**Q** 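My structure is below; once you've seen it, I'll send some questions.
Just so it is clear, the model here is predicted, and its values are computed rather than measured. All chains are named by letter (A, B, ...) in the order of the sequence lines, taking the proteins before the strands, and each is independently numbered beginning at 1.
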2 protein chains.
Amino acid sequence: MLRLMKKHTRPPVNEILIGDCIAHMNALPEGSVDMIFADPPYNLQLEGDLLRPNNSKVDAVDDDWDRFDSFATYDSFTRDWLSAAKRLLKSDGTLWVIGSYHNIFRVGAQLQDQGFWMLNDVVWRKTNPMPNFRGRRFCNAHETLIWCSRDKNSKYRFNYEAMKALNDDLQMRSDWLLPICTGRERLKVNGQKAHPTQKPESLLHRVILASTEVNDLILDPFFGSGTTGAVAKRLRRNFIGLERDAGYAKIAAERIAKVTAVDDPELVSTPAKRAQVRIPFGNLVERGILQPGTVLVDQRRRFSARVRADGTLTTGEAKGSIHQVGAHVQKAPTCNGWQFWYTEVKGALVPIDTLRQKIRAEAP
Amino acid sequence: MLRLMKKHTRPPVNEILIGDCIAHMNALPEGSVDMIFADPPYNLQLEGDLLRPNNSKVDAVDDDWDRFDSFATYDSFTRDWLSAAKRLLKSDGTLWVIGSYHNIFRVGAQLQDQGFWMLNDVVWRKTNPMPNFRGRRFCNAHETLIWCSRDKNSKYRFNYEAMKALNDDLQMRSDWLLPICTGRERLKVNGQKAHPTQKPESLLHRVILASTEVNDLILDPFFGSGTTGAVAKRLRRNFIGLERDAGYAKIAAERIAKVTAVDDPELVSTPAKRAQVRIPFGNLVERGILQPGTVLVDQRRRFSARVRADGTLTTGEAKGSIHQVGAHVQKAPTCNGWQFWYTEVKGALVPIDTLRQKIRAEAP
DNA sequence: AGTCGTTGTGAATCGGCGC
DNA sequence: GGCGCCGATTCACAACGAC
């Protein structure tokens, strides 16, 4: 599962590549990745062990360090990995980045400068953050994720129904309440945490479920302890992990080896309504489910129209598709005829959409 | 209350200055402002109309003041008003900026570039955001505030205890749940909203209570409908509002005129613990509240020490302040002796901090 | 007076496909 | 690429009117 640098014509799948992430990304084929999740190092001010793209080490922060030089170095690093990521993404692919106030504003500005198109900023609210011990600031209880498509006009994937279902049938908001990674989920080595910033699997679960489909390829350029790979495997997605530290890569590989994929792909896929087979309204007439001449009404019986043999409706004065006639009688610009029109079955009004669903159920 | 441009030697207080905010800021004296709250244009970049599922049109922010040609234009505007703001701030003053994902990353990067020091990013979670009508993204349910001091080493004000009290005696977190401005609070003109982006007073209440003291001077360079001024007046702070639109300035002035300041300054001031009179532990001994020789113990009676006449403690082997000895017995680097040590009063353990509070209550 | 249903609205970067 | 059509899509409140 662990590999060193190599030029690839096809992306190596479900592997961890050890080394500098930018060099690895540049060796992978253009436009080959569906989604990227990135948890880049935070700013120099805290860590001081940032590597330049060429793997040379940035001088550690000391009393003489110049803030402007440091931000410039971090910006340069950000620019480089983001442009490599953009090259790798499919045109309809999306990118997630997570960060804190130390680095996320710089990353966000770079994203916009490079033409990524922001879809949402998402706040991970921690149920159990570390308190502010000195009482000099607000408790820093969240991190920020930015979700963006490769380009402004990308037809990106968003599994709206899956997210809505996850949230008790209310549309998912941009603020997510999830615990930090603790307890048995937290990887340990000799009783010490194996990685300082291991992300919780619940966070990746939501990210992956929201923005990918089964068998999609997910890249994580800062793989660390491999949370992205573990959740990708469980949800039957493919992944590539890039990690410069061979020790972390080994821990991640061992972790992922223990993960079992959900056995049934249907359990981890939520097909969008938009992706369902299209059934023309005329099919209902052809198949005798609705006879020509049947009278359709709206829910409050304010309007009515008759079904014609060619699958159009007529009110006498107006004629056209179920959508067009629905819009016309309401004097509205548009209308979803499937939901607007009802037919009477045994004295009760039934939306014609119910009839369509029966056809779909017969021939899946 | 409304004034036009003029060069000032002292800041004009509790007034609204009409005109370009940068010119006004440059005409105000350097280092004269305690806190700045800024709600700059978000640069939303909207294109077509958006319809709700019921075909009604969303009343979007399409005002001229929110339109910028490019990110470069927006960045230049941001750079200019931030540098003017920095000049105006006292060296220990703080700046708040609010924004959405459209602009906040650019503003945040600029703040860092100009040497402001970030203290927190704060998320305003809306209880009642506008939904995402097309189901194409997560519901955009929050906005982001950045709170920063003028410089890295500023001794900024943070009313920790006031924030903790506001949050049921739990440390205030960086995610705030507050409703948007609706109902009677929302200013209307002829039944239409008077300003497209009026902020709720609850948000400013928290911002002002967190970071200012009674009689402080607060500047709002994008005054709009004057929420900052209204809340500042009620909480007995002073304000300067800058607004380029004379119509908005008039509405704000009328609004603020109706606000009544809280009558008792004590109700809106929360002196920090560290601003309270310092009581040396020795005072308790001098005043006979604790006799030399009294045995202090920790809450679980694992450790004990005896009080000496000079206000130090001794365990026999170690001797020093209540803090030093507390740290020593625990083998901890530091210890707050006031909270660590207890004395027995009528069979019950009482923290020595309680004794200190009694002294403070006697002579306030 | 109180309850219940209807209507309105909020800083919004809010389609996809075939011809 | 442009155009036209199909058809998918909303939550929390406040205000108001009906009963």
Side-chain angles (χ1 to χ4, degrees), chain A residues 92 112 116-121 147-149 152-158 160-161 164 167-174 272-276 278-282 300 311-312 320-324 326-327 333-341 352-353 356, chain B residues 39-63 65-68 71 98-104 124-144 177 179-186 188 191-193 195-200 222 224:
Chain A
D92 293 340
Q112 293 178 315
F116 287 95
W117 192 245
M118 284 194 190
L119 301 169
N120 283 106
D121 58 336
W147 181 43
C148 51
S149 58
K152 181 176 178 183
N153 296 312
S154 296
K155 292 173 184 148
Y156 59 90
R157 167 174 282 273
F158 176 53
Y160 177 76
E161 289 83 6
K164 189 170 177 175
N167 193 40
D168 278 343
D169 270 337
L170 286 180
Q171 77 177 194
M172 184 69 80
R173 297 168 42 115
S174 56
K273 275 191 187 168
R274 294 178 172 84
Q276 289 181 351
R278 208 178 78 85
I279 312 269
F281 177 69
R300 297 197 201 164
T312 58
S321 73
I322 53 173
H323 315 296
Q324 289 167 333
T334 65
C335 169
N336 182 338
W338 290 108
Q339 288 170 13
F340 180 73
W341 294 111
I352 58 175
D353 200 34
R356 178 171 65 161
Chain B
D39 182 11
Y42 287 8
N43 188 23
L44 286 187
Q45 307 174 63
L46 303 178
E47 293 181 353
D49 287 341
L50 177 62
L51 298 183
R52 304 165 196 272
N54 67 5
N55 280 322
S56 67
K57 198 174 136 190
V58 172
D59 183 13
V61 176
D62 54 2
D63 307 71
W65 49 256
D66 197 48
R67 272 200 278 272
F68 293 82
F71 283 134
I98 184 168
S100 69
Y101 66 87
H102 309 85
N103 71 321
I104 198 66
W124 168 29
R125 302 174 47 226
K126 304 179 183 183
T127 56
N128 47 349
M130 188 184 306
N132 185 294
F133 296 115
R134 308 301 295 264
R136 302 295 302 160
R137 304 180 176 191
F138 297 99
C139 170
N140 192 2
H142 74 276
E143 294 187 27
T144 301
L177 181 66
I180 61 176
C181 182
T182 59
R184 294 183 54 178
E185 188 186 324
R186 187 92 195 198
K188 298 278 173 69
Q192 302 287 80
K193 56 188 175 190
H195 190 280
T197 68
Q198 184 181 342
K199 294 290 174 290
F222 307 98

**Q** On the side chain of Arg52(B), is there an atom forming a donor-acceptor pair with the base of dG10(C) - under 3.5 Å, no angle test?
**A**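 Yes.
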**Q** So Glu47(B), base contact, sugar-phosphate only, or nothing? Heavy-atom distance under 4.0 Å.
**A**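 Nothing: the residue Glu47(B), judged by heavy atoms under 4.0 Å, touches no strand.
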**Q** Only pairs with both distances under 3.5 Å count, Watson-Crick or wobble alike; so what is the partner of dC16(D) in this structure?
**A**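 Across all strands, the one nucleotide that pairs with dC16(D) is dG5(C).
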**Q** Have a look at Asp39(B) and say if it touches a base, only the backbone sugar-phosphate, or nothing, with a 4.0 Å heavy-atom cut-off.
**A**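 The answer is base, as Asp39(B) lies within the cut-off (heavy atoms under 4.0 Å) of a base atom.
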**Q** Just checking Asn43(B): base, sugar-phosphate only, or nothing, at a heavy-atom cut-off of under 4.0 Å?
**A**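 If one applies the 4.0 Å heavy-atom cut-off, Asn43(B) turns out to touch nothing in the nucleic acid.
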**Q** Assess whether side chain to side chain contact (heavy atoms under 4.5 Å, CB included) is satisfied between Phe138(B) and Trp147(A), documenting all intermediate values.
**A** CA-CA 10 Å; Phe138(B) 297 99; Trp147(A) 181 43; 3.9 Å; yes
**Q** Would you mind classifying the nucleic acid contact of Cys335(A) as base, sugar-phosphate or nothing, using non-hydrogen atoms under 4.0 angstrom?
**A**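 Result for Cys335(A) = base.
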**Q** Taking the nucleotide of DNA chain D with the nearest heavy atom to each, does Tyr160(A) or Gly183(B) sit closer to the 5' end?
**A**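 Checking each residue's closest nucleotide, the 5'-ward one belongs to Tyr160(A).
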**Q** On DNA chain D, does the nearest nucleotide to Asn336(A) precede the nearest nucleotide to Arg173(A) from the 5' side, or the other way round? Give the residue.
**A**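 Going by which nucleotide is closer to the 5' end, it is Asn336(A).
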**Q** Determine whether a donor-acceptor pair (N or O, by modelled atom type, separation under 3.5 Å) exists between the side chain of Asp66(B) and the backbone of Leu44(B).
**A**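 The answer is yes, because a donor-acceptor pair under 3.5 Å joins these two groups.
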**Q** Mind checking Pro200(B) for me? I need base, sugar-phosphate or nothing, with any heavy atom below 4.0 Å counting as a touch.
**A**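 No contact at all - Pro200(B) keeps every heavy atom at 4.0 Å or more from the nucleic acid.
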**Q** Specify the glycosidic conformation (syn or anti) of dT13(C), with syn defined as within 90° of 0.
**A**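 Chi for dT13(C) falls in the syn range.
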**Q** Any base atoms under 4.0 Å from Ser100(B), or only sugar-phosphate, or nothing? Heavy atoms, all strands.
**A**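 Nothing, no nucleic acid heavy atom in range.
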**Q** With a 4.0 Å cut-off on heavy atoms, is Trp124(B) in touch with a base, just the backbone sugar-phosphate, or nothing at all?
**A**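 Contact class for Trp124(B): none.
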**Q** Can Phe133(B) be said to stack with the base of dC14(C), given centres closer than 5.5 angstrom and planes under 30 degrees apart?
**A**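 Here the ring of Phe133(B) and the base of dC14(C) are not stacked, as the 5.5 Å and 30° limits are not both satisfied.
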**Q** Which residue lies toward the 5' end of DNA chain C, Lys155(A) or Asp49(B), if each is placed at its nearest nucleotide?
**A**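 Mapping each residue to its closest nucleotide by heavy atoms, the 5'-most match is Asp49(B).
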**Q** Categorize Arg134(B) for me: base, sugar-phosphate, or nothing, with a 4.0 angstrom heavy-atom threshold over every strand shown.
**A**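 If one applies the 4.0 Å heavy-atom cut-off, Arg134(B) turns out to touch a base.
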**Q** Give one of base, sugar-phosphate or nothing for Lys57(B), where a contact means two heavy atoms less than 4.0 Å apart.
**A**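 Answer is nothing: Lys57(B) stays at 4.0 Å or more from every strand.
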**Q** Classify the nucleic acid contact of Arg356(A) as base, sugar-phosphate or nothing, counting any heavy atom under 4.0 Å across all strands shown.
**A**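 Sugar-phosphate, backbone atoms only, no base.
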**Q** At 4.0 Å (heavy atoms only), tell me whether Gln198(B) reaches a base, stays on the sugar-phosphate, or touches nothing.
**A**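 Nothing, no heavy atom under 4.0 Å.
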